[in-house]
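Please read these numbers as outputs of a predicted model, since none were measured by experiment. Protein chains get the first letters and strands the later ones, always in sequence-line order, with residue 1 at the start of each.
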Amino acid sequence: MSISPDVLARHGLTPAEYGRIVTDLGREPNLVELGLFSVMWSEHCSYKSSRLHLRKLPTKGPRVLQGPGENAGAVDIGDGLAAVFKIESHNHPSFIEPYQGAATGVGGIIRDIFTMGARPIALLDVLRFGDPSDPLVRRNVQGVVAGIAGYGNSIGIPTIGGDTAFAPGYRGNPLVNVLCLGIARADGIVKGRATGVGNPVYYVGAKTGRDGIHGATMASAEFDESSAEKRPAVQVGDPFTEKLLLEACLEVMKTGAVVGLQDMGAAGLTCSTCEMGARGDMGIEIELADVPQRETGMSPYEIMLSESQERMLLVVERGREAEVEQVFEKWDLHAVRIGTVTDDGRLRVRERGVVVADVPNKALADEAPLYDRPRRRPDWQDRVQQLDFASLTPPAAMSGILRQLLASPNIASKRWIYRQYDHMVRTNTLVLPDAGTPAVRVKGTRRALALSVDGNGRYVYLDPRRGAQLAVAEAARNVACAGAVPVGATNNLNFGNPERPEIMWQLVEAIEGIAEACEAFEVPITGGNVSLYNETDGQAIYPTPVLGVVGLLDDADSVLGRPFPGAGLDIVVLGPLDRGELGGSEVLERVFGQVAGMPPRVDLVHEAALQTLLPEAAAQHLVRSAHDASDGGLAVALAEAAFGTGGLGARVDLPAVAPDAGPVDLATLFGESAGRVVVSVEPASRESFMALAARHGVPARVVGQTGGGRLEIRIDGRVVVDEVMADLEAVWTTALDRVLEGRAA
Amino acid sequence: MKFAIVVFPGSNCDHDAYHAARHVLGADATFVWHKETDLAGADIVILPGGFSHGDYLRTGAIARFSPVMGAVAAFAAAGGPVLGICNGFQVLLEAGLLEGAMLRNAGLRFVCEHVHVRVEQTSTPFTALASPRQVLTIPIAHGEGNYYAPPEAVERLEAAGQVVFRYVTADGEVTPEANPNGSVNHIAGITNAARNVVGLMPHPERACESVLGSADGLLFFESAVAAVKAG
């Protein structure tokens with residue numbers, strides 16, 4: 001048969017790619033085989049535009065047990081245990097069908113974690129939406145949040161934190177990135193590979209239906225007005241079945257009879273078979289008539305490309321089939337043998353004995369074309385980096401601006417969201433939402449893990465390299481604020497269409513920025529996800545690399561929260577006080593309607609010093625609380641550190657920043673210079689703490705004390721903010737509720 | 001002293017109840033799979049939280065037919081202490097071991113947060129060590145915790161002292177703001193006429209260690225142990 005250009009186009013393949021397929025096979029593919037190549041060579045599965053550049057990321061380190069290439073990464077956390085974690089996006093489906101798109105995003109990343117033999121113990125979400133005063137956006141937010149809650153709550157894995165931001169560019173292309181963390185025995189990590197000729201291949205979980213066919217291909221294309229018609233490509237989640245799968249898989253792995261395991265996520269049966277075969281250097285032969293099917297009359301093409309959820313593929317040691325089947329029976333799941341591991345390296349698919357596809361595993365899984373796509377710095381880049389201070393005449397007193405910022409959806413409490421998530425199940429959550437960097441204890445040990453997910457798209461838009469470094473720095477700094485040492489990271493790169501040179505330039509700059517920061521911090525990237533084509537009608541999102549950093553505390557008792565724990569404490573600011581950069585800041589956008597300037601400078605050496613100082617100070621119990629100053633600058637950080645304390649106030653006196661930073665009060669209070677942390681210290685520990693900071697070369701200055709019920713901020717002795725703390729907290733706590741419930745613009 | 005934690009497919013607070021009983025309290029504890037027909041010689045039975053059978057059809061509606069529920073009913077009939085937490089409470093309602101039903105939360109959304117509940121009755125095995133009208137800080141996490149019973153039934157339960165917990169403010173006041181889900185009469189938990197079966201929506205097993213924000217829930221476990229010892 002011959003493939004027409006039209007059929008090729010519908011499979012998202014170029015004529016050149018088709019030529020390579022013909023060469024790889026030594027013949028023309030049939031339609032089933034074309035489908036296999038189409039999904040496996042899609043951007044979503046093959047990373048064909050990004051892979052050359054992803055190689056620049058540091059992936060090795062003394063703690064790394066598993067780097068990129070498996071279902072998830074793993075780092076050694078001591079006591080014979082490993083932290084297994086990864087972040088993954090479900091952006092495109094979450095726009096088309098918010099509830100199911102987000103829910104199945106949660107389900108997918110959870111499978112990646114327990115597939116490794118790890119018990120999932122925490123979830124975090126990174127969400128980006130358009131302007132929440134827009135009713136379309138509000139419906140999107142409500143659907144996404146309900147979907148995350150519906151899946152995570154039901155399966156019983158706490159959603160302990162996340163990062164939510166709003167900007168108009170995400171209106172038609174929201175971001176939903178989900179990070180899952182699990183705990184495994186360091187010597188018990190299970191790989192997704194097929195080995196042992198003659199070993200049986202099992203299918204377990206939900207039946208295969210026609211849902212989600214070509215989901216991976218959809219995620220590799222831009223959106224336009226017809227996108228709503230793509231709804232059949234979104235899968236439907238069943239957290240109950242996944243809960244059974246989770247428990248059954250963890251139980252079955254304890255038998256030692258499982259050789260390899262992989263979930264059927266994007267590209268379903270195709271991806272799991274060819275990837276397991278390719279990793280193990282083996283062939284796999286399967287019989288489609290044995291695949292459990294939800295509908296009748298499904299073609300081989302449909303069965304191979306279905307993205308029905310909650311399905312797993314297992315390779316089992318020959319002779320131990322009964323043990324495995326028994327465990328799944330206990331959980332009312334039926335493990336069905338659908339194939340065998342072979343020695344010829346090929347994926348051979350039969351339908352009632354007749355071969356319907358016969359393709360080398362490696363051609364599908366490893367040999368997708370890699371593109372070094374052209375890239376070009378956008379001609380508008382210089383223009384947006386210009387910031388004219390003359391345009392910044394404060395329209396209100398500083399107190400009014402502070403209130404305005406506390407009510408910004410980007411800064412306001414995310415209570416409306418996290419209240420819908422079970423963030424306490426499994427009884428490990430040491431730091432609750434709004435009380436600091438999320439942290440969970442590791443039961444059976446003295447240890448705890450802190451996690452942070454960050455990525456400010458506005459910064460990256462203004463300067464991709466610096467913005468990406470800031471994302472790494474903020475996530476690592478947040479983890480350090482909990483008293484944890486950053487030990488590993490995962491990244492989710494959300495960008496537009498890589499076939500446009502400007503987007504490709506942003507992507508490469510960002511990857512290199514991440515690499516530079518991770519190297520400086522000695523934090524390896526152990527895996528991640530790339531989501532491209534985040535565009536609607538040719539309008540790309542802010543380039544949004546998201547970093548998830550995992551930090552380790554040897555002693556869970558030294559975990560630090562954000563709220564000041566009492567009155568009479570010294571408030572110390574770590575980091576530079578002489579500058580207050582306004583470029584790319586929240587105040588600039590919120591109050592002056594500008595997205596401009598250079599994002600704050602990053603001092604990687606200083607950030608690394610903070611990452612050592614804070615865990616040391618926490619372990620020695622020299623600090624009582626810590627909170628980094630990011631969106632909204634120092635004034636917002638000081639207010640936030642007092643929230644959740646029952647109205648406790650603070651009096652501080654800040655030195656004015658250097659005059660070249662712009663309007664002095666504005667820059668001092670709301671500039672977002674990086675590398676600054678607000679900590680509270682017992683007066684008795686002050687000397688020791690300041691000495692420790694000095695030893696680490698971290699600038700530290702006592703700026704005031706906690707106490708009273710007001711937030712009083714002076715600049716060089718002059719009062720610029722004097723507000724009742726409880727009033728500020730009310731603004732901050734209710735702002736997002738009001739917007740999302742449609743009660744305020 | 002042995003706790004049995006019943007595990008339904010979809011239970012997800014089973015490990016938490018086990019942890020509280022075994023590792024925090026130091027009692028013996030065992031999981032009992034829902035297909036079992038005996039309770040492994042346990043002294044105290046807990047039906048944990050979660051989404052048994054996915055909460056499909058109706059919360060707790062399928063779990064009540066599990067083989068183990070026969071043993072739970074017999075254990076309860078013999079006066080054994082049974083505690084249903086969240087989904088466990090819903091299962092007890094469906095099984096007819098407790099009276100009433102659950103509606104969706106008044107706000108129609110899942111709610112997870114620490115709340116305050118007042119102990120209205122200290123004459124159950126799970127509240128024996130509480131002081132009268134003691135206010136406990138315990139988290140809730142549910143989408144269908146809006147307790148309902150017909151007015152005459154509520155009146156009867158109230159009159160018989162079968163309302164064990166009520167949602168209140170930190171100061172113990174019954175105010176509309178303190179009711180997180182719209183439950184009739186602010187009811188957070190009830191008991192049966194014999195007072196040995198208790199169900200509540202809040203999660204005491206999540207509040208057994210101060211590092212988790214509250215240790216008030218330990219009282220449930222300690223009370224049960226004391227009650228069994230006292231015979």
Side-chain angles (χ1 to χ4, degrees), chain A residues 119 121 142 145-146 148-160 237-248 329-333 415-435 439-441 443-444 448 556-557 559 561 646 737 740-741, chain B residues 7-20 22-24 31 33-36 48-57 59 62 66 86-87 105 107-115 138-144 170 180 202-214 217:
Chain A
R119 158 76 66 183
I121 63 163
Q142 283 157 3
V145 171
I148 291 170
Y151 209 101
N153 297 352
S154 176
I155 199 166
I157 300 166
T159 300
I160 60 169
D238 174 5
F240 173 59
T241 298
E242 179 137 320
K243 169 70 173 168
L244 301 181
L245 263 184
L246 188 172
E247 298 298 339
E329 286 302 323
K330 173 191 161 186
W331 292 95
D332 294 330
L333 296 165
R415 179 172 174 270
W416 186 92
I417 296 173
Y418 69 68
R419 200 163 169 254
Q420 298 184 54
Y421 300 152
D422 189 338
H423 45 262
M424 303 183 204
V425 63
R426 301 206 66 76
T427 60
N428 295 318
T429 312
L430 299 176
V431 179
L432 296 173
D434 275 342
V440 285
R441 64 178 174 185
K443 283 205 185 101
D557 287 341
V559 70
D737 291 45
L740 289 176
E741 301 289 348
Chain B
V7 183
F8 298 100
S11 291
N12 65 30
C13 304
D14 45 343
H15 291 189
D16 301 353
Y18 181 91
H19 174 77
R22 183 76 179 253
H23 299 126
V24 183
F31 291 115
W33 182 233
H34 77 119
K35 291 176 187 171
E36 303 290 335
F51 289 68
S52 58
H53 297 277
D55 275 355
Y56 299 151
L57 184 59
T59 54
I62 304 175
S66 283
C86 196
N87 192 232
N105 291 349
L108 300 182
R109 293 203 177 95
F110 191 96
V111 177
C112 176
E113 64 190 6
H114 276 94
V115 298
I138 302 182
I140 55 165
H142 59 247
E144 292 185 26
H203 286 269
E205 84 285 8
R206 295 186 183 187
C208 290
E209 296 161 272
S210 54
V211 291
L212 302 176
S214 169

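- The pair A:Glu741-B:Arg109 meets the salt-bridge criterion, since a charged nitrogen lies less than 4.0 angstrom from a carboxylate oxygen.
- The side-chain heavy atoms of A:Asp422 and B:Arg206, taken from C-beta on, include a pair separated by under 4.5 Å.
- The candidate from A:Gly156, A:Gly150, A:Ala149, A:Ser154 with the greatest count of non-hydrogen atom pairs under 4.5 Å with chain B is A:Ser154.
- Interface remark: A:Lys330 contributes backbone and side-chain atoms alike to the contact with chain B (heavy atom separation under 4.5 Å).
- Ring planes of B:His53 and A:Phe240: tilted class, angle from 30 to 60°.
- Put simply, the side chain of B:His114 reaches to within 4.5 Å of the side chain of A:Met424, judged on heavy atoms.
- The contact between A:Asp238 and chain B is made by backbone and side chain atoms together, counting heavy-atom distances below 4.5 Å.
- Contact check for A:Val425 versus B:Asn12: side-chain heavy atoms found under the 4.5 Å cut-off.
- Contact of A:Thr429 with chain B is made through the backbone alone, with heavy-atom distances under 4.5 Å.
- Note on B:His23, B:His15, B:Glu205, B:His142: by heavy-atom pairs under 4.5 Å with chain A, the leading option is B:His15.
- Top candidate by heavy-atom pairs under 4.5 Å with chain B, chosen from A:Lys243, A:Arg426, A:Arg419, A:His423, is A:Arg419.
- Between B:Phe51 and A:Asn153 the shortest side-chain heavy-atom distance falls below 4.5 Å.
- Applying the side chain to side chain contact (heavy atoms under 4.5 Å, CB included) criterion to B:Asp14, with sequence neighbours excluded, gives B:Ile5, B:Val7, B:Ser11, B:Phe31, B:Pro48.
- Of the two parts of A:Leu432, only the side chain, counted from C-beta on, holds a non-hydrogen atom closer than 4.5 Å to a non-hydrogen atom of chain B.
- If you measure heavy-atom distances from A:Leu430 to chain B, the contacts under 4.5 Å come from both the backbone and the side chain.
- Neither the backbone nor the side chain of A:Glu242 comes within contact range of chain B; no heavy atom of the residue lies under 4.5 Å from a heavy atom of that chain.
- Ranked by heavy-atom pairs under 4.5 Å with chain B, the first of A:Tyr418, A:Trp416, A:Tyr421 is A:Trp416.
- Within the 4.5 Å cutoff, the side chain of A:Gln420 has no heavy atoms near those of the B:Cys112 side chain.
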